Amino acid sequence: MPASDPRRRLPALERLLVLPEVVRLLSLYGRERVAIQLRDALAGLRERLAGGELAGPGELEAAVAALPGAAATALAAELGAPLRRVLNASGVLLHTNLGRAPLPRSVAAALPGLLDAGCDLELDLASGRRGDRNARAGALLAALTGAEAGLVVNNNAAALVLVLATFAAGREVIVSRGELVEIGGSFRIPEILAAAGTRLVEVGTTNRTRLADYERALTSETALLLKVHTSNYRITGFVEEAGAAALAGLARSRGLLLLVDEGSGLLRPHRAPQLADHPSFTALLAAGADLVCGSGDKLLGGPQAGLLCGRAELVARCHRHPLYRALRPDRTVFAALDGVLRAHLAGDGLPLDRLWPEPAAHRRRLERLAARLGAAIVPGDAYVGGGAAPERPIPGEILALPGGERLAARLRTGEPPAVGYAREGRCLLDLRTLDPADDELLAAAVERARAGLDEG
Ligand SMILES: *Cc1c(COP(=O)(O)O)cnc(C)c1O
């Protein structure tokens, strides 16, 4: 290659690999993958040079400067970008696509020390003997709900499968036609029942099911009555259902079990009007349900987990079932859940409570950000999300900025990413789903996103 050949002006791969933007990629994707990307990109430039391209002043330099960014995009497309912290200003607190419940900050802050060394997950430190990983959470769940015992598995679907497999394998389970729900992500009650090896017996109609419908469906094959909280939709109008207390009475009189899938992990009643008719674990157990199950990462505000509460002897049978081993969570879940359950027991607010902020403090928060960003304060609804309290908006005030979807898209792709929503040409930000400690980060993200819009 003659000295005048422009290909000589291409940097060597080794020089690219020490650029700070590239070094950052090495820790995300490994040297081998990054090197392959850059080598291919350099080869592309070499070809373009050979073809007489990139001859203008500064053109080659610009193309070289763009290499790390292009490599980052290509590697993210190939291997997936790492998980990132996202500022949730969407107005939906339990946003399934954002990982459902945010953990309380104090709980999250305590996790690293429990995860990067050993922890006494199932070692009794006093005796040196093996303990039970479920013992703490089980006792805390019992204390919070009034149950005799509690058991934790990987998610609520797992809790249902475990109960059904333990008590109803090969037998019949009676469910109201009004409660054969589908939850996002392909969870369907009929399919869960089938997967657990039980036979579904549907009773009643979509809008009305009475106790007598259950009674008529009882056979010698019946093992269990299942009541499912229809958490993600509402049927209104000419409706009727058999309540937990009535079903518990029927189950008891026939020597059967009543399992209630409460769904959302509301352990105790909540004062919010949007949750007023949402039955809690405590209420369902008091009404006589033998077992109640729900999710850990919805209303409770914990990690993904299935919470099962009820009579000690029944919970113990589930615990002993061979499937439990396949469904039990790891220490990450127990560590987070332990913190959340203790905070709940101590009467600390749940992340959920953010949706009903103290009005004066919330107003100050809105005004501070509105003044800084030149935003308007407009009426807007928030939602619990996670399938809980659908059709139950929580009215309040939110921030409105011009820019609509263009600004919303910029915010999502910023650093840190922020999620708001666009409506009628405006970009709306709901502070109720954001930890107040993140207000400054959100304001800065908006300022950067707007600067980007002005440029582009
Ligand atoms: C959310 C929900 C489930 C599924 O819970 P996962 O923890 O996501 O498995 C099941 N039943 C009801 C009623 C629910 O609301």
Side-chain angles (χ1 to χ4, degrees), residues 121-124 129-142 145 147-175 183 186-201 220-229 247-248 251-252 254-263 265 267 281 284-285 288-297 302-334 337-338 341:
L121 179 67
E122 46 181 56
L123 178 69
D124 178 42
R129 290 219 185 82
R130 177 166 184 181
D132 169 11
R133 69 173 56 202
N134 183 71
R136 291 179 186 84
L140 292 168
L141 282 171
T145 62
E148 289 176 11
L151 185 68
V152 182
V153 288
N154 280 328
N155 52 32
N156 189 28
L160 273 166
V161 166
L162 184 59
V163 172
L164 293 168
T166 303
F167 299 108
R171 299 179 62 200
E172 292 175 356
V173 176
I174 305 182
V175 190
I183 314 286
S186 71
F187 171 102
R188 293 172 144 195
I189 289 289
E191 289 166 17
I192 291 280
L193 262 68
T198 67
R199 292 202 302 279
L200 166 63
V201 176
S220 59
E221 287 294 290
T222 311
L224 197 137
L225 309 184
L226 171 61
K227 183 165 180 59
V228 182
H229 182 61
L247 289 175
R252 203 174 313 116
R254 304 298 177 94
L256 303 169
L257 298 178
L258 171 64
L259 165 66
V260 182
D261 174 12
E262 175 273 345
L267 300 185
F281 272 51
L284 291 165
L285 291 162
D290 298 291
L291 291 164
V292 178
C293 62
S295 295
D297 54 352
Q304 179 186 300
L307 313 174
L308 177 64
C309 289
R311 284 168 38 205
E313 159 226 344
L314 304 177
V315 171
R317 276 185 60 191
C318 292
H319 200 166
R320 284 196 303 270
H321 192 282
L323 257 185
Y324 170 74
R325 186 64 171 75
L327 305 176
R328 69 174 199 182
D330 80 322
R331 66 153 133 184
T332 316
V333 168
F334 276 108
L337 191 61
D338 190 71
L341 292 176

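On a predicted model such as this, the values are computed, not experimentally measured, just so you know.
- Across all non-hydrogen atoms, the minimal contact from Leu200 to Pro190 is CD2-CB, 3.9 Å.
- Taking Arg130 as the reference, Glu122 meet the salt bridge (Lys or Arg N to Asp or Glu O under 4.0 Å) condition, with sequence neighbours excluded.
- By the 4.5 Å heavy-atom criterion applied to side chains, Leu337 and Leu140 are not counted as neighbours.
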Pairs under 3.5 angstrom only: tabulate donor-acceptor contacts from the side chains of residues 159-171 to other protein residues two or more places apart or in another chain.
residue: Thr166; atom: OG1; partner: Leu162; partner atom: O; Å: 2.6
residue: Arg171; atom: NH2; partner: Thr222; partner atom: O; Å: 2.9

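- Although no hydrogens or angles enter the test, the distance criterion places a donor-acceptor pair under 3.5 Å between the side chain of Ser295 and the main chain of Gly263.
- Leu141 is listed as a side-chain neighbour of Val152, based on a closest heavy-atom distance under 4.5 Å.
- Side-chain contact between Leu224 and Thr198: absent, with no pair of heavy atoms (C-beta onward) separated by less than 4.5 Å.
- Listed by chain and residue number, Leu125 satisfy the side-chain contact (heavy atoms from CB on, under 4.5 Å) test with Leu123 (two or more places apart in sequence, or in another chain).
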For a quick test of your reading: what N or O donor-acceptor pairs under 3.5 Å do the side chains of residues 305-315 make, sequence neighbours left out?
residue: Arg311; atom: NH1; partner: Asp290; partner atom: OD1; Å: 2.6
residue: Arg311; atom: NH2; partner: Glu313; partner atom: OE1; Å: 3.4

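- Checked against ring pair (Phe, Tyr, Trp, His ring centres under 6.0 Å), Phe334 has no partners two or more places apart in sequence or in another chain.
- The side-chain contact (heavy atoms from CB on, under 4.5 Å) search around Gln304 returns Asn155, Asp297, not counting sequence neighbours.
- With sequence neighbours excluded, no residue forms a ring pair (Phe, Tyr, Trp, His ring centres under 6.0 Å) with His321.
- Listed here is the closest heavy atom pair of Asn154 and Ala326: ND2-O, 4.0 Å.
- Annotation: salt bridge (charged side-chain N to carboxylate O under 4.0 Å, His left out) contacts involving residues 158-168, sequence neighbours excluded, are absent.
- Residues meeting the side-chain contact (heavy atoms from CB on, under 4.5 Å) test with His319, sequence neighbours left out: Asp132, Asn134, Leu151, Tyr324.
- The shortest non-hydrogen separation linking Ala248 to Ala289 is CB-N, 4.1 Å.
- Interatomic distance, Leu323 CG to Arg325 CZ, rounded to the nearest 0.5 Å: 12.5 Å.
- The side-chain heavy atoms of Leu226 and Leu193, taken from C-beta on, include a pair separated by under 4.5 Å.
- Residues satisfying the salt bridge (Lys or Arg N to Asp or Glu O under 4.0 Å) criterion with Arg252, sequence neighbours excluded, are absent altogether.
- Taking CG of Leu258 as the reference point, atom CD1 of Ile174 lies at 11.0 Å (rounded to 0.5 Å).
- A donor-acceptor contact shorter than 3.5 Å links the side chain of Arg133 to the backbone of Pro329.
- Contact between Gly294 and Asn156 at its shortest, heavy atoms only, is N-OD1, 3.3 Å.
- The nearest pair of heavy atoms linking Leu341 to Ala137 is CD1-O, 4.0 Å.
- By the salt bridge (Lys or Arg N to Asp or Glu O under 4.0 Å) test, Arg136 pairs with Asp120, sequence neighbours left out.
- Applying the salt bridge (Lys or Arg N to Asp or Glu O under 4.0 Å) criterion to Arg317, with sequence neighbours excluded, gives no partner residue.
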